[in-house]
Structures are given as structure tokens and as C-alpha cells.
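Remember, predicted model here, so these are calculated numbers, not experimental data. The sequence lines fix the lettering, A, B, ..., with proteins before strands; numbering per chain opens at 1.
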Amino acid sequence: MKKILAAVLALIVALSLCAMAEEAVSYADYVAADLDSEVTITAYVQAHQSWWDGKVTIYAADQDGAYFLYEVPCSEEDAEKLVPGTKFTATGFKSEWSGEVELADISNFEILDDDTFVSEPVDVTDLLGKDELIEKMNQKVAFKGMTVEPSTIEGDENEYAFLFNWDGSGEEGNDLYFNVSKDGQTFTFTVESYLCGQDTDVYKAVEMLNVGDVIDLEGFLYWYNGANPHITAVTAAE
Amino acid sequence: MTRYNEELGMRNEELRMPGSNRAADSQRKKWKSKLCAAQFIPHSSFLIPHFRLCLVLVLAAICLTACHGRQGRSGFEVPAEFDAARTYEITFWAKNDTNKTQTDIYKKAIAGFEALYPNITVNMKLYTDYGRIYNDVITNIATNTTPNVCVTYPDHIATYLTGDNVVVPLDGLMDDARFGLGGSEVRFEGPTRGEIIPQFLDECAFSGATYALPYMRSTEALYVNKTYVEALGYELPDVVTWDFIWEVAEAATKKDADGVFAVNGQKVMIPFIYKSTDNMMIQMLRQLGAGYSTDSGEILILNDTTKDLLRQIAAHAKSGAFSTFKISSYPANFLNAGQCIFAVDSTAGATWMGSDAPLLDIAPENIVRFETAVRMVPQVDPEHPQMISQGPSVCVFNKEDPQEVLASWLFAQYLLTNDVQIAYAQTEGYVPVTQKAQGDASYLDYLNSDAGDALHYPVKLQAAKLLLDNTQNTFTTPVFNGSASLRDAAGALIESVTKSVRRKQTVDDAYLDKLFDDTASLYRLNQASGRSGMTSGGDLGPLPTGAKALLGSLLAAWVLLAAYAIAGRAKRK
């Protein structure tokens with residue numbers, strides 16, 4: 001009788017856990033899900049912006065694709081646990097803001113301890129300026145052999161390798177903007193200060209750039225009415 | 001790229017594609033973040049840390065510390081003399097709209113001030129978000145490291161005041177014969193107290209004193225694609241009513257079988273987008289004579305009129321006629337792409353509005369040509385228009401050294417000189433806060449210019465004139481400790497119903513009752529009536545599936561255990 005009871009109890013608990021876990025959708029199903037629908041995903045933290053005001057914004061991925069979780073309610077202590085590779089499950093609404101598809105209004109976020117995963121950057125240099133680039137949205141991407149082009153400020157004849165804020169209105173610690181070119185096409189990249197602050201290697205590296213430098217870059221392919229990569233690494237081109 | 005939460009206009013830049021010039025977002029006021037922070041999450045399986053609660057606790061700790069153990073900072077008294085032999089280093093936390101011209105004006109103002117007062121050094125820290133300033137000030141109050149001068153909102157100052165003599169009441173300083181406004185020993189030609197627009201100065205007076213100087217003022221404007229309004233068969237009135245805007249917006253939602261909208265031939269059309277939904281709710285209630293709050297802080301917003309408005313808004317959101325910045329994006333982007341007909345945003349965002357806007361956030365090839373009209377925000381009664389007054393103010397923080405406070409006051413006062421006022425006002429659809437600047441010949445020339453260049457962008461000039469012509473029709477909401485939270489709640493109500501209908505949820509009486517309960521709890525609106533904001537008895541909604549399954553399994557386990565025990569006992573018998 002005891003064995004039967006134990007088996008029944010184990011079955012009940014297992015079924016309960018399955019009921020909780022089965023809500024998570026695959027990346028393909030996430031992509032296919034309607035906007036404004038509630039979805040649960042299981043993915044791995046790749047990076048996150050600085051915690052602020054009880055929230056943290058997460059760049060995430062699984063083996064099939066990438067996600068952007070906008071402002072996950074979270075304590076500062078819990079945010080510190082979100083190291084790259086950390087597995088989690090999250091429930092929120094699939095939303096789109098200025099072209100960026102994201103999981104917003106997160107109602108459930110739970111760290112899972114079973115395994116870890118860190119994605120490798122995908123080289124999208126050849127996709128720059130092409131419509132296919134959107135398929136890599138939110139992924140960790142790489143750009144190879146880009147040349148630093150001058151940035152200018154309205155009313156200022158000087159040329160700069162980078163600007164604090166898009167129009168040069170900022171100061172140390174603000175977002176960095178810099179232009180890079182490839183095959184005659186010029187693009188503006190960003191170091192998002194909430195992701196990579198002024199003490200990070202990438203922030204310092206961009207501040208050391210000179211016009212004409214040839215560099216390789218890595219970052220997350222954020223979207224704002226078009227591709228707006230958040231750069232996380234800059235090195236001299238190999 | 002970051003999405004800010006404040007009143008004015010700023011953008012980040014983005015990846016710039018060949019042949020395009022897509023300045024990516026960033027800033028501007030009531031940012032998307034605030035909504036998400038504010039969302040009540042009844043199905044959450046984990047507790048959401050409530051930052052505002054932390055702020056309150058920090059402030060409470062400050063108060064308690066002041067009462068028990070430590071002598072609180074004494075109130076400021078204007079010194080008899082300003083010790084010019086000493087040197088002072090003061091910090092100035094400045095808000096700009098990610099606008100290089102604005103930051104240059106701040107820098108020029110500091111240089112000009114330091115030239116007059118070589119013994120005072122002003123160190124500026126730039127912010128693009130009022131919320132960040134607010135949180136940083138709160139944090140620094142606890143460590144006595146507040147800035148000396150800070151650009152802020154009266155609602156925020158009201159929270160700072162829960163500390164112990166944290167913010168300097170300015171009445172004594174303003175009226176001081178030597179160092180006050182127009183004082184005999186002030187080394188620049190600033191305005192007298194009487195030359196500050198009285199209404200704007202009054203907005204900075206609360207809790208029995210004047211705690212700030214107005215710095216810039218703006219209001220909201222309705223930016224209209226007049227071409228599309230007329231294409232839909234309507235004539236744009238001088239004063240647009242809510243009824244008119246809803247009717248035209250609904251008419252603009254018509255599309256063909258392929259999903260192409262008739263009015264613009266595109267697959268995207270959000271006829272009416274509101275940038276700051278807190279202002280939307282506040283102005284609607286004011287225009288209807290409905291309750292928002294009393295001067296003393298009694299919360300009135302959760303009333304039947306609010307419910308009626310939310311039902312109305314939900315219906316138009318459901319049909320696709322209405323959306324918000326927090327849900328969709330900047331109204332200007334949709335307006336300029338021909339995907340929006342009515343965009344409400346600050347007059348301080350005017351330079352982003354229209355086919356020829358000097359500042360653009362979308363690719364040039366996506367811009368649609370149309371005639372841009374500027375109107376006051378929609379009204380209930382066109383004969384008696386009412387609109388919000390907003391814009392940055394500056395406050396001075398108290399310090400142990402009254403001489404340092406005096407040096408800070410002199411700098412704050414310098415920000416009201418004509419050079420600073422006129423230059424800054426021209427960067428956007430702001431207006432100067434002094435009659436001295438508003439009446440200055442150079443400012444009048446600017447306002448009346450038809451040059452049509454970026455500085456004299458017609459939409460911006462119309463926006464500024466809108467406020468100048470309607471200053472007497474502006475209002476502000478009562479300022480008290482908690483008024484900032486109430487403002488957030490006002491916007492969150494609209495955001496919530498709009499999101500809910502998009503998510504196929506039903507907005508009915510039960511929904512609204514629950515929304516009110518949730519909002520009261522989350523924003524601590526019930527504190528004034530003595531109820532604890534953290535222990536609302538409101539319905540938290542149905543349990544999530546996982547929790548139900550877990551509880552079910554526990555119940556089943558107990559039933560089995562009980563059955564087993566009973567069976568065992570029966571067997572023993």
C-alpha cells in the first residue's frame with residue numbers, strides 16, 4: 001500500500017511539474033505567435049542592461065534564435081544572478097515597439113538551474129543593408145573588417161571618431177555612437193551605456209578609436225525602425 | 001539605445017543604412033519604462049520589488065534618523081554677506097532633450113556665470129531623463145550628497161521635501177534686496193520677481209513656500225495631418241474636440257480586403273497616438289470637471305467619469321483608432337510616415353513633427369508629404385479650453401554652508417537671464433518664463449520670423465505661440481507627497497485598457513473595478529484614506545495554471561494520506 005501511495009504521489013508531482021513546464025514554446029513557435037499574445041519561453045541569458053528601478057532588460061537566446069526581454073521585474077540581487085548562460089523561463093506578452101520584437105510585461109520569470117548556453121556570434125557583415133538582416137534580430141552578431149568613418153556635430157567643423165549621444169550632446173558615460181563602413185556603405189553603431197558602461201572594455205575601446213581604423217565588432221542586433229546593433233566588443237580587424 | 005521617460009524630445013541614433021538617415025530613438029518623456037514598472041501583475045508567481053516603496057522607506061528612514069539620534073539639517077537663512085573671498089564648487093544636474101544645442105547653452109551659461117563670479121565653479125552633470133534625476137536625488141538625500149542646483153519637476157520636489165530641510169524655500173532668497181531677483185548686488189541683469197510669469201512661478205509654490213524657479217514652460221499640442229483629415233471629408237476646426245478626433249480617427253481605420261488603409265494606401269495606420277497618457281487622462285478629467293485630487297492630496301481619480309473615459313478609450317483602441325507611445329512608438333514617427341493623423345506630444349517636441357521637420361527619426365524615403373497643422377489638445381468645450389502647463393523648473397538644495405547655498409542660488413537665478421532663456425526656448429517649442437525674455441525684441445523677431453529654416457521651423461513657432469496665446473488656459477495638478485505617483489497611475493489606467501483590448505481581454509465593469517483596485521494598491525493611492533497600500537484587499541485574479549496544478553497535487557496528496565491513515569486505523573480495529 002505504501003509503495004502504491006508513494007508512486008501515486010510521485011506521479012501527481014511529476015504531472016504538476018509537467019503542467020507548469022509545458023507552456024514554454026519553441027523559438028519557431030515564438031516567431032509564429034501573434035503580437036500581443038501571451039507566451040512562455042525558456043531561454044538563456046546572454047547579457048543584460050544595468051538593473052534600475054526594480055527592472056532589468058535581458059538579451060537572451062536559445063539554440064535556435066534570440067529574444068529581447070524588456071524590463072523584467074527583478075530585485076537587484078536577482079539581477080546579479082543573471083550571468084551569461086543562465087537558463088530561465090519567462091512569461092510575457094510578445095510585443096513590438098518601433099520594429100523591435102520583444103517580450104514585455106513579464107508576469108513570471110524564474111531561473112532554472114539545469115544547464116547553461118552561451119551563443120556564438122553570427123557573422124552578418126554580408127547582410128548589412130539587406131532585408132534578410134531582420135531575421136537575425138536580437139542575436140549575438142559579428143561585423144568583420146569595418147572601417148571607422150568620421151562623425152560630425154551640427155555647427156562644428158571638426159570630425160570625430162565617435163560621439164557621446166547621437167548628436168554629440170552627451171558626456172562620458174552616455175551612449176557612444178560611431179560610424180563604420182564596408183564596401184562603400186556607412187553605418188552607425190551604438191555602445192548602449194546601460195549594457196556596456198564607461199568602465200567596460202568596449203566603451204574604452206570605442207573611445208580610443210581613430211578615423212580610418214579597421215575593426216571587428218560584436219554585439220546584439222537590436223532593432224529601432226531598422227537595425228540598431230548594441231556593440232559589446234571592438235577589436236582590431238584580424 | 002534607451003527609451004526614456006520624460007516630457008521632452010530626444011532621440012538616439014541608429015544604424016544608418018546607405019541612403020537613409022534613421023536616427024534611432026531614445027528619450028522623451030513618459031517613457032515606456034514607466035508603464036512596465038507600473039503594470040500590476042495579478043498572475044505573477046514571484047513578488048515584484050517595488051522601487052517606489054524603497055524610495056518611501058529610504059525617505060522614512062531619513063525622517064526617523066532626523067528624529068532619533070541625529071540633529072537634522074537646520075533651515076536655510078540668507079547670509080548677511082556673500083563671502084566673495086572664498087571659492088565655491090557647486091554641482092548642477094541638468095536635463096536636456098539629447099539636444100546638442102541645449103547642452104551648449106548650459107555650458108555657455110556656466111561660462112558666463114563663472115566669468116561674473118570667478119570664485120564659483122559650476123560642475124554640470126547631464127541627464128536626459130527626469131526619472132533618473134529623481135531617483136538619483138532620492139539616493140543622494142540619504143547620503144547628504146545632493147547636487148546644489150537641479151532641474152526637476154514640482155511633483156518630485158514634493159517627495160524630496162519629506163526629508164529634513166533638503167530643499168531650500170526660495171521666498172527669502174527671491175525677495176532679498178541684495179542677492180534676490182533683481183537684487184542690488186547681483187552681478188547680472190536678471191528678472192525681478194514681478195517679471196516672472198506669475199502663473200509659472202505659482203506652479204512652483206506648494207507646501208507653504210516657493211521651492212523652485214520655473215526654467216522653461218511648454219504644453220501639449222495636437223499635431224495634425226491636415227491633408228488626410230480633408231481627404232476623409234472633414235474640415236479641421238480651429239479647436240478640435242474629442243468627439244471630432246474620435247470620429248475622424250474611426251473613419252481612418254477603414255481598409256480593404258488586403259489590409260491596406262484607404263486613407264494612406266499603407267498597411268499601417270494608427271489614426272490617433274498620444275505620447276503622454278498621464279497628461280491625456282489629467283486633461284480629460286479637468287475638461288470634464290471630474291475629480292483628480294484635492295490640493296491636500298486626497299485622491300479622487302478613481303471615479304465614474306474615469307471609468308467612462310476608459311471605456312471610450314478602450315473602444316477606440318479596439319478598433320485600431322487609438323494607441324500610445326508606450327505601446328507603439330513615437331507619434332512623430334508615425335505622423336511623418338503618413339501612418340498617423342493626430343499626434344499629441346509636447347510643444348517641446350515640435351521640431352520632430354511634420355514632413356519638413358528638422359529632426360527626423362525615420363528614413364527619408366519613408367516620409368510622406370502632407371500639410372501639418374498645430375492645434376491645442378482636444379477639448380470638451382472649445383469655448384473654455386484647458387491644457388496642461390509643464391516644463392522644467394530648478395530647485396536649490398540645502399547645505400551645511402549657507403554661503404554655498406547662496407552661490408547656488410545665484411547660479412539658479414542666472415538661468416533666468418534673457419540670454420539663457422531666449423536661447424534655450426528657441427531649441428524647441430518652449431517659451432521663456434519671464435516677461436522680460438518674452439518681450440525682448442530678439443525673441444519677438446524669432447517668433448514672427450517667416451524664414452522657415454530649422455531655427456524658425458514653422459511648426460515649432462506655432463507650438464510656442466500656442467502656449468503664449470493660451471497661458472491663461474493652462475493648469476497644473478496639485479503638488480503633494482505622492483502626486484508623482486498619482487500622475488503615473490493616471491497614465492497607467494489608459495495604458496492598461498489599451499493593452500488589454502489589444503490582448504483580446506474584455507474591458508467591462510468587472511475589469512474596471514479590478515483595475516481600480518490594482519491601481520490603488522500599486523500606486524499606493526489608498527494611503528490618504530488610511531488604508532495600507534501594501535495590503536489591499538482587492539481580488540488578485542485567478543491563480544496561474546501551474547499554481548493550480550501544484551495546489552491540486554498537494555490537495556490530492558493530503559486526501560491520499562488521510563485515506564491511507566483512515567484505512568490503516570480501520571485495519572487495526
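Rounding to the nearest 0.5 Å places CH2 of A:Trp52 at 5.5 Å from CG of B:Asp129. Taking OG from A:Ser95 and NZ from B:Lys326, the interatomic distance works out to 14.5 Å, rounded to the nearest 0.5 Å. With values rounded to the nearest 0.5 angstrom, B:Leu359 atom CG is found 8.0 Å from A:Glu154 atom CD. To the nearest 0.5 Å, atom OG1 of residue B:Thr128 and atom CG of residue A:Asn174 are 6.5 Å apart.
Between B:Lys499 and A:Asp105, the shortest heavy-atom contact is NZ-OD2, 2.5 Å. Summarising the geometry of B:Phe325 relative to A:Trp97, their closest heavy-atom pair is O-NE1, 2.9 Å, with the distance given to 0.1 Å. Closest of all the heavy-atom pairs between B:Met124 and A:Glu171 is O-OE1, 4.0 Å. The two residues B:Asn99 and A:Asp167 come nearest to each other via the heavy atoms CA-OD2, 3.3 Å.
Looking at A:Ile153, the atoms closer than 4.5 Å to chain B (heavy atoms on both sides) all sit in the side chain, from C-beta outward. At a 4.5 Å heavy-atom cutoff, the contact between B:Thr103 and chain A is made by side-chain atoms alone.
The closest donor-acceptor contact from the side chain of A:Asn225 to the backbone of B:Ile362 lies at 3.5 Å or more, if one exists at all.
Taking A:Ser169, A:Gly170, A:Ser181 one by one and counting their heavy-atom pairs under 4.5 Å with chain B, the maximum is reached by A:Ser169.
Using a 4.0 Å cut-off between charged side-chain N and carboxylate O, A:Asp34 and B:Lys504 make no salt bridge.
Other residues, nucleotides and ligands place no more than 12 heavy atoms under 6.0 Å from the NZ atom of B:Lys318. At most 12 heavy atoms of other shown residues, nucleotides or ligands fall within 6.0 angstrom of atom CG in A:Asp131. Within 6.0 Å of NZ on B:Lys108 lie no more than 12 heavy atoms contributed by other residues, nucleotides or ligands.
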